[in-house]
2 protein chains.
Amino acid sequence: MSTLSTYPRPAVAVDLAILTVTGAGGADPELRILVQHRSDPDGIALPGAFLRERTTVAQTADMVLESKVRIAPDVTAGPRLLRLFDDPARDDRTWAVSAAHSLPLHEADLAGARGELVPVTADGQLEGVDKLLFDHAAIVAAAIADVRERYEIRQRYAGVGPDPDHFLPEPFTLHQLRRVHEAVLSEELHKDNFARRMKPHVEPVYDDDGEVLLSTALRGRPAALYRRAQ
Amino acid sequence: MSTLSTYPRPAVAVDLAILTVTGAGGADPELRILVQHRSDPDGIALPGAFLRERTTVAQTADMVLESKVRIAPDVTAGPRLLRLFDDPARDDRTWAVSAAHSLPLHEADLAGARGELVPVTADGQLEGVDKLLFDHAAIVAAAIADVRERYEIRQRYAGVGPDPDHFLPEPFTLHQLRRVHEAVLSEELHKDNFARRMKPHVEPVYDDDGEVLLSTALRGRPAALYRRAQ
DNA sequence: GGAATAGTGTCTTTCAGACACTATCTG
DNA sequence: CAGATAGTGTCTGAAAGACACTATTCC
């Protein structure tokens, strides 16, 4: 402890698995992850950066978004730590530890982002991406498992309520909400059971006359609009 | 990236919330956490150390156990990452990031350990400990929440089977197993429901004659002995 | 037999899964 | 009205919670 500063220190990378649901509210929402092409080691990778002098993980994540992804999102929830990668040989260039995070963002915040939003397959792979650099494939797998766990709608023992990462803008119909959960889980849900489970966690949106706002349906009966409770 | 080595790097600490259940198998098992007295900044703290040149978290944890706790445990499961503490001002001495881990160990492995095993209260505090150094109180709270979640026995949606951290040596009776879970959760469980949930995850232990081994009861009917299934 | 502990049968409640029906819109 | 989508009533089965009973040991 007394010789604290004399020992070599690792570079600490913050790698981000940026998740979004594209087309939320529309016909075919899809869970996607942002990957970028790198040339330093040549290949596909997640965006990331090293912690600079006296900065935090959150600040570093902001810096990555700004300078590498070129977006300025309205971050609702901060990056979620998934795991540490600490194999001393994982990066040829230097001793580097990676703190792997997931970062769920609105699709709207990703407009103009550098990189590509790649759809996630049912078994947790990235569609059409063979290989990611470093241990980024493991980060992607962990991020998908993490978000799917949180979108489980077994209210009693799991689940954190409707669309915890706010992929879907308010107000929304129960149908739209279900489509988003289905996109994340890659699993079909029964509309009746889904509605019963979600009802306690959403509230209807009213207009000036105290009437429940309805969606303007293209066909069929218009659906009631809701927002997250409280 | 090209100037990788020119930037200052943080010291990376591995702090360990070492958990055990004392008296597992006995009358009054208790969930406890190891704390140590420090004089550098004076106070009570969790054991920990900084990552040294090209070592891993696991190696650093082993080093902490050897040189600071003075034990050589038979580690069943590695340290579990709880969270990162990255406030640049959290340590006066230098820029240090802490990777907070929990490490569940057998009570037997902690014989002769430096420090004190402090009981955990029902609300997740340490009994009789006012204040911990740095952010170690938050680490303790996270470690307790983590182990309690894993000892929940709602098999369908949570739970990782009987006594996932192996606090209780085999073979054991269902009564002993339940007492250990109760000690971790700080909550009483019904013996009948507990037995039904655990039965699929344990198997009886047989003697040479193919008879089910029984505990030698002090009073009452002897209980069957089990071990974890498979 | 009595005390003590082990182990099981079963009733009730809750809730997910599934099916079918009714309701309300457009053209 | 037909077609389409929204929303609900209700049956079933699985499992947790709770209670009570039976079983086996030592004294």
Side-chain angles (χ1 to χ4, degrees), chain A residues 25-29 148-149 151-159 161-162 168 171-182 185 187-207 211-227, chain B residues 25-29 149 151-162 168 171-182 185 187-207 211-227:
Chain A
D28 190 28
R148 285 193 172 153
E149 190 173 332
Y151 273 72
E152 270 295 329
I153 36 88
R154 326 269 152 111
Q155 298 293 348
R156 196 152 147 215
Y157 302 129
L168 183 62
F172 47 77
T173 68
L174 289 178
H175 181 84
Q176 291 172 321
L177 182 61
R178 180 165 56 88
R179 300 283 301 187
V180 168
H181 277 261
E182 289 176 342
L185 297 174
E187 182 186 336
E188 299 215 337
L189 301 170
H190 285 249
K191 71 163 181 174
D192 44 7
N193 302 322
F194 184 83
R196 259 184 318 189
R197 285 191 296 258
M198 284 305 169
K199 280 278 180 71
H201 302 285
V202 295
E203 56 191 26
V205 179
Y206 299 95
D207 65 11
E211 296 294 310
V212 173
L213 264 180
L214 299 178
S215 67
T216 56
L218 295 173
R219 292 186 300 279
R221 174 176 170 179
L225 289 167
Y226 296 88
R227 61 182 182 192
Chain B
D28 190 28
E149 190 174 330
Y151 273 72
E152 269 296 329
I153 35 89
R154 324 269 152 110
Q155 298 291 348
R156 198 151 145 216
Y157 302 130
V160 205
L168 183 63
F172 47 78
T173 68
L174 289 178
H175 180 84
Q176 292 173 320
L177 181 61
R178 180 165 54 89
R179 299 284 301 185
V180 167
H181 277 260
E182 288 176 342
L185 297 174
E187 182 187 337
E188 298 215 336
L189 301 170
H190 284 250
K191 72 164 181 173
D192 44 7
N193 302 323
F194 184 83
R196 260 184 317 187
R197 284 192 296 261
M198 285 305 168
K199 279 279 181 70
H201 302 285
V202 296
E203 55 190 28
V205 179
Y206 298 96
D207 65 11
E211 296 295 310
V212 173
L213 264 181
L214 299 179
S215 67
T216 55
L218 296 173
R219 290 187 301 279
R221 174 176 170 180
L225 289 168
Y226 295 88
R227 61 183 182 192

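So you know, we letter chains A, B, ... as the sequences are listed, proteins then strands, and number each from 1.
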What is the distance, rounded to the nearest whole Å, between atom CG of Asn193(B) and atom P of dT10(C)? 16 Å
Locate the shortest heavy-atom distance separating Pro162(B) from Leu177(B); write the atom from each residue and the value. CB-CD2, 3.7 Å
With Arg178(B), which residues qualify under salt bridge (Lys or Arg N to Asp or Glu O under 4.0 Å), at least two apart? Glu182(B)
dT5(C) C1' sits how many Å from Arg178(B) CZ, rounded? 11 Å
Tell me the interatomic distance from Arg196(B), atom CZ, to dG17(D), atom P, rounded to whole angstroms. 9 Å
Whole-Å gap separating P (dA18(C)) and CG (Leu189(A)): 11 Å
Looking only at side-chain N and O atoms, does His175(A) come under 4.0 Å of OP1 or OP2 in dT5(D)? no
Nearest whole Å is fine: how far is dG7(C) P from Met198(B) CE? 15 Å
Min side-chain heavy-atom separation Lys191(A)-Leu174(A) under 4.5 Å: no
Without decimals, in angstroms, what is the distance between Glu152(B) CD and dG17(D) C1'? 14 Å
Quick one: the side chain of Arg197(A) and the base of dT14(C), do they pair up donor-acceptor inside 3.5 Å? no
Under 4.0 angstrom between His190(B) side-chain N/O and dG17(D) OP1 or OP2: no
Quick one: Lys199(A) NZ to dA16(C) C1', roughly how many Å, whole number? 17 Å
Could you tell me whether the side chain of Arg179(B) and the main chain of Ala27(B) form a donor-acceptor pair under 3.5 Å? yes
Is the shortest heavy-atom distance from the side chain of Glu152(B) to the side chain of Glu187(B) under 4.5 Å? yes
Search all heavy atoms of Tyr226(A) against all heavy atoms of Val205(A) and return the closest pair with its distance. C-CG2, 3.8 Å
Of all the heavy-atom pairs spanning Gln176(A) and Pro171(A), show the shortest one and how long it is. OE1-O, 4.4 Å
Proximal nucleotide (of dG17(D), dG7(C), dG17(C)) relative to the Lys191(B) side chain: dG7(C)
Distances under 3.5 Å between nitrogen or oxygen atoms of protein and nucleotides 24-27 of chain C:
unit_1  : atom_1 : unit_2    : atom_2 : d
dT24(C) : O4'    : Arg221(A) : NE     : 3.4

By the 4.0 Å heavy-atom rule, please label Ala223(A) as base, sugar-phosphate, or nothing. sugar-phosphate
Starting at CZ of Phe194(B) and ending at C1' of dA18(D), how long is that distance when rounded to a whole Å? 17 Å
